[in-house]
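This report concerns only the one structure given below.
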Amino acid sequence: MPSPRSRLHCRHHPARRPLGVDLAQKALPPLPEHFHFGTHPAHGFVATATAHLPAHLAHWFLTREQFEPVPDRTGLYRLSDPDRDGRRRTRQAVHDLRRHGYTVQADYTLDPAMTPGPPHSLGHRGLAERRSQIAQAAATPSPQQSPALRTSPGARSIPPRPTHAPAVGTVQPARPGRSGRT
């Protein structure tokens, strides 16, 4: 017969729970939200952190995602320079924070999981055309290099002559003690 202590140990040990308890049937509580993203009429694209995240950590993440604190509004951050592709940058911030494991609630248009991204601009065609031109230029021989000398299969090639004259006279060997040591 097992001792009372071993039964107590078995009852509280997670691997030795009775078979009648199915952990998959228990509903897990929803994860707490960490960030909220939206738009504000005066500040443009804004973000705020919930109480589930320390303020200094929220500040660190949001400033790295190009958000700056709004003066006189504790905990509210606005996107710096929102006219420079603000919607895409805000959607990227939502994506990045989720990838780091945080729970983010965002407006419908700012949520990359719910709405498709903006259509691609026509600038990519110009980029592909430019890359094609660079590849063609790299494949053609340079006009600055002279063509290689052609020789017939039976002819001996003559090595090129040096363009400098050798030094005349004797070369003196290095003297000891000139390395700066005394």
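Along the sequence shown, the residues carry numbers beginning at 1. Hydrogens, waters and symmetry mates are skipped; everything else that's a heavy atom, side chains included, is used. All of these numbers come straight from a predicted model, not from anything done at the bench.
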Please tabulate, one pair per line, all N/O donor-acceptor pairs under 3.5 Å involving side-chain atoms of residues 105-114, not counting sequence neighbours.
residue, atom, partner, partner atom, Å
Gln105, OE1, His36, ND1, 2.9
Asp107, OD2, Thr39, N, 3.3
Thr109, OG1, Arg87, NH1, 3.1
Asp111, OD1, Arg98, NH1, 2.5
Asp111, OD1, Arg98, NH2, 3.3
Asp111, OD1, Ala113, N, 3.2
Asp111, OD2, Arg98, NH2, 3.4

When the side chains of residues 41-56 are checked against the rest of the protein, which donor-acceptor pairs come out under 3.5 Å, sequence neighbours left out?
residue, atom, partner, partner atom, Å
Thr48, OG1, Gly75, O, 3.0
Thr50, OG1, Glu33, O, 2.5
Thr50, OG1, His34, O, 3.4
Thr50, OG1, His52, N, 3.4

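Interatomic distance, CG of Leu79 versus CG of Asp83, reported as 9.5 Å (0.5 Å rounding). Taking NE2 from His100 and CZ from Arg64, the interatomic distance works out to 11.0 Å, rounded to the nearest 0.5 Å. Here His95 contributes atom NE2 and Glu65 contributes atom CD; the two are 10.0 Å apart, rounded to the nearest 0.5 Å. For the atom pair CD (Gln136) and CZ (Arg131), the distance works out to 15.0 Å, reported to the nearest 0.5 Å.
Among the candidates Phe61, Phe37, Tyr77, Trp60, the single residue satisfying the ring-ring contact (aromatic ring centres under 6.0 Å, His included) test with Phe67 is Phe37.
Within the 4.5 Å cutoff, the side chain of Arg78 has no heavy atoms near those of the His40 side chain.
Here the side chain of Arg84 pairs no donor or acceptor atom with the backbone of Arg89 at under 3.5 angstrom.
Within the hydrophobic cluster formed by Ile, Leu, Val, Met, Phe, Trp and Tyr side chains joined at under 4.5 Å, directly or through other members, Ile134 stands alone, with no partner residue.
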